[in-house]
Student: 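To start, I am sharing the structure in question, which I have written as structure tokens.
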Amino acid sequence: MPDSKRPTDEMLMALVKQGDHAAFQELVSRYKSRIIGFVYRTVNSRELAEDIAQEAFLRVFTKAHTFRDGARFSPWFYRIASNLAINELRRRRRVSFISLERPLRTSSGDELVRDVEDNARGPAELAEQHELGGEIAKAIADLPIKYRVAFVLRDVQGHSYERIAEIVGVPLGTIKSRVNRARSRFKDLMQPYVEALG
Amino acid sequence: MSRMRCNAVRPLIAETVDADADERVVRLVELHAEECVKCRSELDRMRAAIGLLESLEPVEAPADFEARVMARVRTDNLGGWTWREVSDRVAEALALRPLRTAALVATCAVLGVALLRPVETSPFTGAASRIAQRDEPIPVLPSEVIASIAGPVEVGDLAAVPEDSALTAEDGHLESAFGELEARLAAETVSLPLVPEPLGGAAPPAARIVPAALDARDRAAILETGRSRRSF
Ligand SMILES: [Zn+2]
């Protein structure tokens, strides 16, 4: 529901440019889960995703002066996060002393227990679902990075193609093509699971 | 079905699972799939695979995430270099000119960070090597503290500081680590030559940490590698 009393991201950025902490905190609050989710699905490590998201937010504060008047905040911010994630993946590949294959971290144990109670699902089913989630995450992580970013933004996070083109900085047609290629690749990677699930 | 039509239909299959798929394209593919087993199978597998994405749990930021970010904004000198940047820079300078290692290492010890990378070859272990990988800006001495400190750093003085000074930072407690460093510096009236580095043109002068113990060529090398890496 649109709230006329709710300042837009861009209004907040105007204050952040002046060093306003409250406006900055509001942006952190609005975007924290989305941006962690995006980076997490891109780098497949929850811990790394939180580090990168934190760094991305700090760049918003320190680089606020580079935010153009009239620009939209969301694509600008996603672009910062995306660049940080890609750079980190490249750096790690170069240095290659840290494995990206960390176990998928789900929500807290408490929530897991609550799920069991609420939905009367057995531990085996939960484990299976957890395993499936891990397989999905691994398949996404196996996509080439350019495809992966477009795929996560579109099919996991539901951004418009126009916005993704703005975030990534390539033409719309290129984004559509990357998403479609990613889907085909993802479909092939998930085939054993699709078959197993009948 | 003719191979021609399959070739025309196959690339469209990925489009049919889009959240805003063109209904005409979907219909076109489905019409073909009604008569073509192979394309039918491809369409089904695509729908099933993309459908699996629905089972991904939504990601929630940890409860303390916002507070962590705000704490960083409030306490850090955000115009400064990050631990990792300084670490990389000095490692590069050393690679260029593997001299004065002792002075550098001593200086690094005072900075409380392992500046040599990769980690496996670092003379530092534990907290120090972890700090060196951080993309967090290095907190900078308040200007009044800098002003109250007199005299340039002597290599001898730096070497006299225990190697593990300020290396106690565990799990992100950079503030306390730096507080300790700050206190030590104040107590020993040793100064780090913190040279202001304007960032992005508009930021207030922040510290560029280039140890005075280095000679002019070392300093130039560090500043040079810094510049080349500074673009964002
Ligand atoms: Zn066909």
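In what follows, every chain begins at residue 1, and chains take the letters A, B, ... in the order their sequences are listed.
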Student: Are side-chain heavy atoms of A:S160 and B:D20 found at a separation under 4.5 Å?
Tutor: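 Contact flag for A:S160/B:D20 side chains = no.
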
Student: Which residues from residues 19-27 of chain A are near chain B, with near meaning under 4.5 Å between non-hydrogen atoms?
Tutor: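 Listed by number: A:H21, A:F24, A:Q25.
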
Student: Would you mind reporting whether B:P58 and A:R34 have side-chain heavy atoms less than 4.5 Å apart?
Tutor: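 When only atoms from C-beta onward are counted, B:P58 and A:R34 do not touch, as no gap falls below 4.5 Å.
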
Student: With a 4.5 angstrom heavy-atom cut-off, is it the side chain or the backbone of A:F38 that approaches chain B, or both, or neither?
Tutor: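 Contact with chain B is absent: no heavy atom of A:F38 under 4.5 Å.
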
Student: Measure across A:Q54 and B:R72 and return the closest heavy-atom pair with its distance rounded to 0.1 Å.
Tutor: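 Closest heavy-atom pair between A:Q54 and B:R72: OE1-NH1, 3.0 Å.
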
Student: Tell me, do B:S55 and A:L132 make a side-chain contact under 4.5 Å, heavy atoms counted?
Tutor: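 When only atoms from C-beta onward are counted, A:L132 and B:S55 do touch, with a gap below 4.5 Å.
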
Student: Can A:V28 and B:V73 be said to form a side-chain contact (heavy atoms from CB on, under 4.5 Å), step by step?
Tutor: CA-CA 11 Å; A:V28 175; B:V73 165; over 6 Å; no

Student: Within a strict 4.5 Å, meaning less than it, do heavy atoms of the B:I50 and A:K187 side chains meet?
Tutor: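 The answer is no; the side chains never approach within 4.5 Å.
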
Student: Look at atom CD of B:E34 and say whether more than 12 heavy atoms of other residues, nucleotides or ligands are closer to it than 6.0 Å.
Tutor: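 Count over threshold, so yes.
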
Student: With heavy-atom distances below 4.5 Å as the criterion, would you say the side chains of A:F151 and B:L53 are in contact?
Tutor: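 In contact.
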
Student: From A:D51 CG over to B:R68 CZ, what is the distance, rounded to the nearest 0.5 angstrom?
Tutor: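 Rounded to the nearest 0.5 Å, the CG-CZ separation comes out at 7.5 Å.
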
Student: Calculate, to the nearest 0.5 Å, the distance between atoms CD and CZ belonging to B:E66 and A:F57 respectively.
Tutor: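 It is 8.5 Å, given to the nearest 0.5 Å.
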
Student: So, do B:L12 and A:N180 sit near enough that their side-chain heavy atoms are less than 4.5 Å apart?
Tutor: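 They are not in side-chain contact.
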
Student: Which atoms of A:A49 are under 4.5 Å from chain B, going by heavy atoms: the side chain, the backbone, both sets, or neither?
Tutor: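 The answer is neither part of A:A49.
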
Student: Are more than 12 heavy atoms from other residues, nucleotides or ligands located less than 6.0 Å from atom CG of B:D64?
Tutor: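 Yes, because the 6.0 Å sphere around CG of B:D64 holds more than 12 heavy atoms from other groups.
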
Student: So which of A:S29, A:G158, A:S33 has the biggest tally of heavy-atom pairs under 4.5 Å with chain B?
Tutor: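 Counting heavy-atom pairs under 4.5 Å, the top option is A:S33.
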
Student: For A:E135 and B:L52, run side-chain contact (heavy atoms from CB on, under 4.5 Å): C-alpha distance rounded to whole Å, both residues' side-chain angles, the deciding distance at 0.1 Å, then the answer.
Tutor: CA-CA 10 Å; A:E135 290 305 324; B:L52 288 175; over 6 Å; no

Student: Tell me, for A:I35 versus chain B, whether the close heavy atoms (under 4.5 Å) come from the side chain, the backbone, both or neither.
Tutor: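 Looking at A:I35, nothing touches chain B.
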
Student: Tabulate, in ascending numerical order, the residues of residues 40-47 of chain B having at least one heavy atom closer than 4.5 Å to a heavy atom of chain A, or enter 'none'.
Tutor: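 Those residues of residues 40-47 of chain B which have a heavy atom under 4.5 Å from chain A are B:E42, B:R45, B:M46.
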
Student: Do A:K32 and B:V59 come close enough that some side-chain heavy atom pair is under 4.5 Å?
Tutor: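 A side-chain contact under 4.5 Å is absent here.
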
Student: Surrounding NZ of A:K146 (heavy atoms of other residues, nucleotides or ligands, distance under 6.0 Å), is the total greater than 12?
Tutor: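 Not more than 12 within 6.0 Å, no.
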
Student: What heavy-atom pair brings B:A49 and A:F186 nearest, and what distance separates the two atoms?
Tutor: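 Taking every non-hydrogen atom into account, O-CE2, 3.2 Å.
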
Student: Does a side-chain N-to-carboxylate-O contact under 4.0 Å join A:K176 and B:D18?
Tutor: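 Result for this pair is no, no salt bridge flagged.
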
Student: Please classify the contact of A:I36 with chain B as side chain, backbone, both or neither, using a heavy-atom distance under 4.5 Å.
Tutor: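 Both parts, backbone and side chain.
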
